[in-house]
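Below, all heavy atoms of this structure are taken into account, side chains as well, without hydrogens, waters or symmetry copies.
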Amino acid sequence: MKIFSLVCLIIYIAINSLTTNPLGDKFILATGILFLIMNICYLYKYRRNQLICFEFLFAIAFFLCSFLTPYIYSLLDNYQGRTFVATDYNTFRVYCIAFIGYCAYMFGLCCIKDGNQNRPGTLWYQYFFNNATCKYSNILCFIFVVLFYLTGGSRLITLYSDVASDLSQRYGAWGEYMTYAMYAYTLSIVINFSKIGPYTASLISFFKNLPFFFYINSLLLVVPLLISGLRSSALQLLIPLIMMYGITIKRISSIKVIALILAGYIFMVFIGLIRSGDTGGDLGQDSLFLTFVYDFVSANGANSFLIDYTDKYGITGGSNMILQTLSIIPFFQSIILSFVSKDNFAPNSSKFFTESFMDSTQGGLGTALIGDIYYSFGIVGVIILMFLIGLLVNKLSRAHNSPYAIALLIMFSGNALFAPRVEYCYILRSLSYTIIFLYIILSVSHNRSASNECSLRN
């Protein structure tokens, strides 16, 4: 896999230097086939016994966010298609740059894999969390949930039905506490499932052993997110739930994983239609295919727009990423902005992309991972930063004795389906707060590492 991804990377860098598409329509097909082969080989070798993982979810989302333009552009009306630069040459460029980025990511993912892994094809780890750690993780989450509701969190339920609201400011003050509650809830999943996993013989005993506070937090946080139609946030919690169950309680077969993903995808599409007041609606009349991939249309448009813009006007040099990077340290971004105007930084790619086509108070078009990196640092940035994502996932998957590694991996995996649709630095804040919250919980509970393998039950 390492050699395959490296060879593909070199070939596509060479192709990207050409001023014309040497293969025409065959280039689109060839790239898709290479992408499919690369992922099938990787997943079979490294994740065949644990298919619910970051790599599988990220691969699905990356393809849908990066390679759909040739298949969907003719299905879009003038308003939907206005964000695309859908010339043959730009589509060729997007395919080249996106696949270069994915090859770099795959190389990082495989570059330090070796034959000494104790359980090839399976994610596993060993760490002991004591009772106090479980208790404090649930209490921390409950505190943030309470603050979320005290500051107006019930507004979440009518988030999409209030047509008079300014969508750019739809969360209000309670949104910050909801975000903290989600970080804490994800940590509670890792800690509670790890604690009870070795002592759980059946699904019934698993549910019996989960703490009462965990159920309360789930009822007050996960259920409202689903009802509200805020699918991205709901999936950031549902994916960790399923993934940690598969790691610590019982392995989920590949067939069941694929069935879960298909059923979940259809369900999320249905929620999206319902929240917009549609039950099959206009999209379904135009194209059933477009209906099912509509959430990823904007990301494909963002890639085509940002790559075309950068080719014409040059890169930002990363100044658009500075403020998001500063947010890794709590309150640091606000401190810096009290001395330096936001106008001194290039606009982040989602803001720039949205405001190029519409008033941001009407909502946002989002962005795309590859387009964001290219807009910031060009092709060199795409290679380096995508390689670092792969390397990070690689490192986290191999750190079997670190509670921080498994917590970061689960947090990262919860964002896997949406990572290709956001800025590169978007996830940094989540990872930072995950480390901070876990450090506080472990310190308060006086948890010390102890070897206690969380074995999978087949």
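- A side-chain donor-acceptor contact under 3.5 Å links N130 and T133.
- Side chain of R47 to main chain of L43: no donor-acceptor pair is present (N/O by atom type, distance under 3.5 Å, no hydrogens or angles).
- In this structure, the side chains of M386 and I370 come closer than 4.5 Å at one or more pairs of heavy atoms.
- Scanning all heavy atoms of the two residues, the minimum distance from S233 to L225 falls at CB-CD2, 3.8 Å.
- Remark: aromatic rings of Y426 and F418 are distant, center separation not under 6.0 Å.
- A donor-acceptor pair is defined here as one N or O able to donate and one able to accept, closer than 3.5 Å; such a pair exists between the side chain of N394 and the backbone of L109.
- Side-chain atoms of Q236 and M411, non-hydrogen and from C-beta on, never get closer than 4.5 Å to each other.
- Centroid-to-centroid, the aromatic rings of F289 and Y71 stay 6.0 Å apart or farther.
- Between S376 and N320 the shortest heavy-atom distance is OG-ND2, 2.9 Å.
- Between Y309 and F352, the distance separating the two ring centers is shorter than 6.0 angstrom.
- Ring pair F357/F353 is perpendicular by interplanar angle, where above 60° counts as perpendicular and below 30° as parallel.
- Residue Y89 qualifies as enclosed at atom OH: its count of foreign heavy atoms under 6.0 Å is above 12.
- Taking the six-membered ring where tryptophan is involved, the planes of Y245 and F206 are perpendicular, since the angle between them exceeds 60° and thus also 30°.
- For an aromatic pair to be called close, the ring centres must be under 6.0 Å apart, and F27 with F99 fails this.
- Between the OG atom of S254 and the CG atom of N49 there is a distance of 7.0 Å, given to the nearest 0.5 Å.
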Open item on the list: Please determine whether side-chain contact (heavy atoms from CB on, under 4.5 Å) holds for the pair F84 and I72, giving the CA-CA distance in whole Å, both sets of side-chain angles, and the decisive distance to 0.1 Å.
Closed with: CA-CA 11 Å; F84 284 76; I72 62 173; 4.1 Å; yes
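- At a threshold of 4.5 Å between non-hydrogen side-chain atoms, the residues V393 and F58 do not count as touching.
- In this structure, a donor-acceptor pair under 3.5 Å is absent between the side chains of Y374 and N303.
- Other residues, nucleotides and ligands contribute over 12 non-hydrogen atoms within 6.0 Å of the CG atom of L18.
- With a 4.5 Å cut-off on side-chain heavy atoms, F56 and N39 do not count as touching.
- Between L23 and L29 the shortest side-chain heavy-atom distance does not fall below 4.5 Å.
- Residue-environment remark: CG (N344) exceeds the threshold of 12 foreign heavy atoms within 6.0 Å.
- Between the side chain of S188 and the backbone N or O of N138, no donor-acceptor pair lies under 3.5 Å.
- Here CG of L241 is found 11.0 Å from CD1 of I52. Values are rounded to the nearest 0.5 Å.
- With a 4.5 Å cut-off on side-chain heavy atoms, M358 and L365 count as touching.
- Taking SG of C134 as the start and CD1 of I191 as the end, the distance is 6.5 Å to the nearest 0.5 Å.
- Here the shortest heavy-atom pairing between I15 and C96 reads CG2-SG, 3.7 Å.
- In terms of modelled atom types and a separation under 3.5 Å, the side chain of D308 and the main chain of S304 share no donor-acceptor contact.
- Shown here for M243 and Q50, the closest heavy-atom pair between the two residues is O-NE2, 4.4 Å.
- Taking the six-membered ring where the residue is Trp, Y177 and Y180 present perpendicular rings, their angle passing 60° and hence far from 30°.
- When side chains are defined from C-beta on, F193 does not count as touching I247, because their heavy atoms never get closer than 4.5 Å.
- Side-chain contact between L369 and I389 is present, with at least one heavy-atom pair separated by less than 4.5 Å.
- With hydrogens and angles ignored, the 3.5 Å screen pairs no side-chain donor or acceptor of N21 with any backbone N or O of F92.
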- [ ] Determine, step by step, whether L442 and F129 satisfy the side-chain contact (heavy atoms from CB on, under 4.5 Å) criterion, reporting the C-alpha distance in whole Å, the side-chain angles of both residues, the deciding distance to 0.1 Å, and the verdict.
- [x] CA-CA 9 Å; L442 293 178; F129 292 104; 4.0 Å; yes
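- Considering every non-hydrogen atom in both L431 and L408, the closest pair reads O-CD2, 3.5 Å.
- When atom types are taken as modelled, the side chain of R398 and the backbone of K395 share no donor-acceptor pair closer than 3.5 angstrom.
- Side-chain N or O atoms of N90 include none that pairs as donor or acceptor with a backbone N or O of A86 at under 3.5 Å.
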Open item on the list: Using the rule given for ring-ring contact (aromatic ring centres under 6.0 Å, His included), can you reason through F437 versus F144, listing the C-alpha separation, both sets of side-chain angles and the distance that settles it, and then say yes or no?
Closed with: CA-CA 12 Å; F437 288 172; F144 284 128; 5.4 Å; yes
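- Between E176 and R429 a salt bridge is recorded (basic side-chain N to carboxylate O distance below 4.0 Å).
- Between Y12 and Y95, the ring centre distance reaches or exceeds 6.0 Å.
- When atom types are taken as modelled, the side chain of Q333 and the backbone of L323 share a donor-acceptor pair closer than 3.5 angstrom.
- Counted by atom type alone, S350 and E423 present one or more donor-acceptor pairs between their side chains at under 3.5 Å.
- Atom SG of C8 sits about 10.0 Å away from atom CE of M106, to the nearest 0.5 Å.
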Open item on the list: Apply side-chain contact (heavy atoms from CB on, under 4.5 Å) to residues Y105 and S5 and explain how you reach the verdict.
Closed with: CA-CA 9 Å; Y105 155 77; S5 58; over 6 Å; no
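- Classification of the Y265-F296 ring pair by plane angle, with boundaries at 30° and 60°, yields parallel.
- Among T367, T354, T310, the one residue that satisfies the side-chain hydrogen bond (donor to acceptor under 3.5 Å, both in side chains) test with S349 is T367.
- Here CG of D311 is found 4.0 Å from CZ of R93. Values are rounded to the nearest 0.5 Å.
- When atom types are taken as modelled, the side chain of T316 and the backbone of G318 share a donor-acceptor pair closer than 3.5 angstrom.
- With hydrogens and angles ignored, the 3.5 Å screen pairs a side-chain donor or acceptor of S432 with a backbone N or O of I328.
- Across all non-hydrogen atoms, the minimal contact from L57 to A416 is CB-CB, 3.7 Å.
- From C65, atom SG reaches atom CD1 of I60 across 11.5 Å, with rounding to the nearest 0.5 Å.
- Taking the six-membered ring for Trp and the full ring otherwise, the centers of Y102 and F67 sit at least 6.0 Å from each other.
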TODO: Take E55 and Y46, measure what side-chain contact (heavy atoms from CB on, under 4.5 Å) needs, and give me the verdict at the end.
DONE: CA-CA 10 Å; E55 297 95 309; Y46 296 115; 5.8 Å; no
